[in-house]
Student: 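Here it is: the structure, laid out below.
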Amino acid sequence: MSRLTALVPGSVCAAALRRAWPEDLDGQVRCIDEGSRALALAFCCAPGPHESQDPGAVAVGLVRTPGALPVLGAVTGPLSASLAAGVSGSDEVQDRLDDASADAVDMIRALGARGVRRVAVVEDATSPRGNDDAVAESHRPLLNAAAHLRIDLVLVADGLDDATSLGYDRWVSGRGCSPGLGYLPAEAFDSAAALERWLGRTHAAGDLREVITAPLDAGVSPDLVRQASHALGQVAVEP
């Protein structure tokens, strides 16, 4: 069977349980734990700073919860973070890439210190022409930090033309994936019909051990996420 790793906010886990997203730390831990299992996911997602007043404590709580799913952290890739600032000059782009790379390394280290052993690096931007080498170099510190901390990194790259150039062993994108992995973009969850079409493409890709989604927003239907999990779980994978 194929596993689904869905990058969902905690509020989607709450919706899967027909609850409101709680404000207290213990409630958020329980909500993500129970909601992720209700969605039949392979991992539960550590919350971001926009979801919790203390996302680090929630991540620790998830890691320490007996019987909980393994925890997946997520960090914004250096390219996406640097372009979000709206820079244009080559020198400024390079400076922003360096700063964003350092920030991502800090986040990976913080997640590792809280017991998270797998992190998704999310790049949803297209590399500016002529900056491919700089983008690849900005990812090298992330790979080095993860190797030192024994954290498994997976690249989730939606806009990049050549995800292989960044040096990751495991990566997914709309233009292809590393062996054994599949990808579902956010638009796959726009409707049941869209999900069926994208699942058909995923099945046609061959034996996949894991299918990873693009980051999904709080408005995604938990029923569609659950439908994807169950559909993938029915597909036999060769040992």
Side-chain angles (χ1 to χ4, degrees), residues 4-17 19-39 41-82 84-85 96-124 138-157 168 170 212-218 220 222 225:
L4 179 67
T5 297
L7 303 184
V8 293
S11 57
V12 175
C13 295
L17 300 169
R19 300 177 191 167
W21 176 242
E23 295 184 2
D24 64 293
L25 187 152
D26 289 342
Q28 290 174 356
V29 170
R30 289 194 302 272
C31 195
I32 294 176
D33 170 33
E34 296 171 13
S36 298
R37 287 189 281 112
L39 292 169
L41 300 180
F43 291 83
C44 60
C45 294
H50 61 288
E51 298 179 78
S52 173
Q53 293 184 348
D54 194 347
V58 176
V60 170
L62 289 167
V63 169
R64 294 178 178 175
T65 298
L69 296 171
V71 181
L72 176 72
V75 303
T76 302
L79 175 62
S80 298
S82 63
R96 290 286 186 176
L97 273 175
D98 293 342
D99 291 344
S101 178
D103 289 343
V105 167
D106 287 345
M107 287 187 283
I108 289 171
R109 287 174 176 162
L111 287 165
R114 290 162 182 142
V116 176
R117 308 318 308 164
R118 196 182 196 208
V119 174
V121 178
V122 180
E123 288 283 26
D124 59 0
S138 74
H139 277 262
R140 192 178 305 277
L142 282 66
L143 293 163
N144 291 341
H148 176 72
L149 296 169
R150 297 184 179 179
I151 290 176
D152 175 27
L153 285 190
V154 58
L155 175 67
V156 181
Y168 290 76
R170 285 166 292 279
I212 303 175
T213 75
L216 305 177
D217 63 30
V220 71
V225 177

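Both backbone and side-chain heavy atoms feed into the values below; hydrogens, waters and symmetry mates do not.
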Student: Which atom pair, heavy atoms only, marks the closest approach of I32 to P47?
Tutor: CD1-CD, 4.0 Å
Student: If you look at every heavy atom in W21 and S11, which pair is closest and at what distance?
Tutor: CE3-N, 4.0 Å
Student: Test V225 against T213 for side chain to side chain contact (heavy atoms under 4.5 Å, CB included), laying out the working first.
Tutor: CA-CA 10 Å; V225 177; T213 75; over 6 Å; no
Student: CZ/R30 to CG/L25 distance, rounded to the nearest 0.5 angstrom?
Tutor: 10.0 Å
Student: Yes or no on side chain to side chain contact (heavy atoms under 4.5 Å, CB included) for V154 and R118, after CA distance, side-chain angles and deciding distance?
Tutor: CA-CA 8 Å; V154 58; R118 196 182 196 208; 4.2 Å; yes
Student: Has the side chain of T5 got a donor or acceptor atom that lies under 3.5 Å from a matching backbone atom of A42?
Tutor: no
Student: Check G35 against A16 and note the closest heavy-atom contact, atom names and distance.
Tutor: O-CB, 4.3 Å
Student: Check whether any side-chain N or O of E51 sits under 3.5 Å from a backbone N or O of G48 as a donor-acceptor pair, and report yes or no.
Tutor: yes
Student: Return the CG to SG distance between D26 and C31, rounded to the nearest 0.5 Å.
Tutor: 12.5 Å
Student: If you look at every heavy atom in S80 and T76, which pair is closest and at what distance?
Tutor: CB-CG2, 3.8 Å
Student: Which pair of heavy atoms, one from V122 and one from P215, lies closest together, and at what distance?
Tutor: CG1-CG, 3.6 Å
Student: Please find the pair of heavy atoms, one from P9 and one from D217, that lie closest to each other, and give the distance.
Tutor: CG-C, 4.0 Å
Student: With rounding to the nearest 0.5 angstrom, report the CD to CD distance, Q28 to Q53.
Tutor: 8.0 Å
Student: Between S82 and R96 (side chain of the first, backbone of the second, donor and acceptor by atom type, cut-off under 3.5 Å), is there such a pair?
Tutor: no
Student: Is the closest side-chain heavy-atom distance between S36 and L62 below 4.5 Å?
Tutor: no
Student: For L79, is there any backbone N or O sitting under 3.5 Å from a side-chain donor or acceptor partner on E123?
Tutor: yes
Student: Among V12, L72, L41, L216, exactly one meets side-chain contact (heavy atoms from CB on, under 4.5 Å) together with L7. Which residue is that?
Tutor: L72
Student: How long is the gap from CD1 on I108 to CG on L142, to the nearest 0.5 Å?
Tutor: 4.0 Å
Student: Which value, rounded to the nearest 0.5 Å, describes the distance between N144 atom CG and L149 atom CG?
Tutor: 11.0 Å
Student: Among V71, V116, D106, find the residue that satisfies the side-chain contact (heavy atoms from CB on, under 4.5 Å) test when tested with L111.
Tutor: V116
Student: Main chain of L69, side chain of R37: is a donor-acceptor contact present, judged purely on distance under 3.5 Å?
Tutor: no
Student: Not counting sequence neighbours, which residues clear ring-ring contact (aromatic ring centres under 6.0 Å, His included) with Y168? List them please.
Tutor: H139
Student: At what distance, to the nearest 0.5 angstrom, does CG of L39 lie from SG of C44?
Tutor: 11.5 Å
Student: Strictly distance-based, threshold 3.5 Å: is any side-chain N or O of S101 a donor or acceptor partner for the main-chain N or O of L97?
Tutor: no
